[in-house]
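Quick note: numbers below take in every heavy atom, side chains included, and nothing from hydrogens, waters or symmetry partners. Chain letters run A, B, ... following the sequence lines, proteins first, then strands; residues in each count from 1. Source: prediction; values computed, not measured.
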2 protein chains.
Amino acid sequence: MYICIVKLEQAIQSTKFKNEMHKASLNILYTAWWLKTQMSKVLKEFGLTHEQYNVLRILKGKYPEQLCVKDISCRMIEKSSNVPRIIDRLVIKKLVKRADSPTDKRETVTTLTQAGLAVLAASTESVNQLMDEMVKMENKEAEQLNVLLERLRGTEV
Amino acid sequence: MYICIVKLEQAIQSTKFKNEMHKASLNILYTAWWLKTQMSKVLKEFGLTHEQYNVLRILKGKYPEQLCVKDISCRMIEKSSNVPRIIDRLVIKKLVKRADSPTDKRETVTTLTQAGLAVLAASTESVNQLMDEMVKMENKEAEQLNVLLERLRGTEV
DNA sequence: TTTATTTAAGTGTATATACATCTATTTTTC
DNA sequence: GAAAAATAGATGTATATACACTTAAATAAA
């Protein structure tokens, strides 16, 4: 058991921020890293990486439908993830199976195996349990956080 | 010019969230990816990666002091970054110089070169400009966001 | 219908992440 | 002061990221 570093200032040993928005952007990057690290520790027990888990969840969302690489890519949180190679590794572990698309010969379609469903169910339970233990936040606060994050991103470039 | 995807639901093509906290965690991961992607586009013009830029900023924070690898590591946003190899690449580009520590023969100390200072100044200006254009957020809102992010992380494990 | 364009996915490379291991020091302990 | 433990950093490997490029197939344009 260890005490988590709470304050950003402690976490990155810095107190000099240009303004609150600058601090917020570092805070988001740090919090994302923290979330991923915590989750990865749990997923490792199931032999999964964070991104492999993400692909399995996406496949589950449409199960038993078969999804092509593009359909998976556009649902990924990190868009630039290299989905074909993540699928390669899931195929080796027999958690998904891949086939040629019947309608478009360019596409390959992927779906969960029974093993994939089982591993996903078990790992999801562990991840949810971790989140419940780790994050003590009121529903109202989480709602507010969602609003602020979308306001932050909500603009044209 | 393109319209950014604002809503998380659109960005990851999903509307099924366990609860607001689950949505918030995905929202943080997505927003962090979005911020890093936007910043990396700017940094690429200076031949820098996001992590190389982070190391340069940390060195600037203590300049002209020389920092050992450990001092840099503990200030990184992503703690597991492999600082020795990031420094390797910055040395090749002649943006930093590395020397043996006079006080501890195990340590190597790193400091910015004049070129490093110049590249950092120019790239920081571009990054700040991007952030100003991209993120339209009131100071009060950013403050609130910081409070919520730290509440999210503020717990024991 | 033939060519041109677009699209889907796979491949290659440099960098980064995550983690384990190794070596050379320094510090601690006896 | 010598042996044990801890620390700093380098190194190796598998996976992921970011981006450019290739190939095959589908679609659009001529």
query = Under 3.5 Å, is there a donor-acceptor pair between the side chain of A:Lys79 and the main chain of A:Met76?
reply = yes

message = Nearest whole Å is fine: how far is C:dA18 P from B:Lys79 NZ?
response = 13 Å

query = With nearest nucleotides of DNA chain D determined for A:Lys93 and B:Asn82 from heavy-atom distances, which residue corresponds to the more 5′ nucleotide?
reply = B:Asn82

ask   = Are any of B:Lys105's side-chain N or O atoms less than 4.0 Å away from OP1 or OP2 of C:dT25?
value = no

task = Determine, for B:Lys36 against B:Glu78, whether the closest basic-nitrogen to carboxylate-oxygen distance falls under 4.0 angstrom.
result = yes

query = Is it the case that B:Tyr53 and B:Thr124 place a side-chain donor and acceptor less than 3.5 Å from each other?
reply = yes

key: Nucleotide C:dA18, atom P - distance to OH of A:Tyr53 in whole Å   = 17 Å

key: Short side-chain donor-acceptor distance under 3.5 Å, A:Arg153 and B:Thr31   = yes

ask   = Which residue, B:Met134, B:Glu133, B:Gln129, forms the side chain to side chain contact (heavy atoms under 4.5 Å, CB included) with B:Met131?
value = B:Met134

ask   = Do B:Leu149 and B:Met137 belong together in a cluster built from hydrophobic side chains that touch within less than 4.5 Å?
value = yes

ask   = A:Trp34 CH2 to C:dA18 C1': how many Å, rounded?
value = 19 Å

query = Over how many whole Å does the gap from B:Met76 atom CE to C:dA18 atom P extend?
reply = 11 Å

ask   = Is it true that B:Lys23 and B:Glu9 have a side-chain N and a carboxylate O under 4.0 angstrom from each other?
value = yes

key: Atom-to-atom span, CG of B:Asp104 to C1' of C:dT27 - whole angstrom   = 10 Å

query = Which residue, B:Pro84 or A:Thr103, contacts DNA chain D at a nucleotide closer to its 5' end, judged by nearest heavy atom?
reply = B:Pro84

query = In terms of the nearest nucleotide of DNA chain C, which residue is placed more toward the 5' end: A:Val83 or B:Gln52?
reply = A:Val83

query = Does a nitrogen or oxygen in the side chain of B:Arg85 sit under 4.0 Å from OP1 or OP2 of C:dA18?
reply = no

Chain B contact limits on DNA chain D, taken 5' to 3' with a cut-off of 4.0 angstrom to heavy atoms = D:dT7 to D:dA20

Sugar-phosphate, base or nothing in reach of B:Ser40, heavy atoms under 4.0 Å = nothing

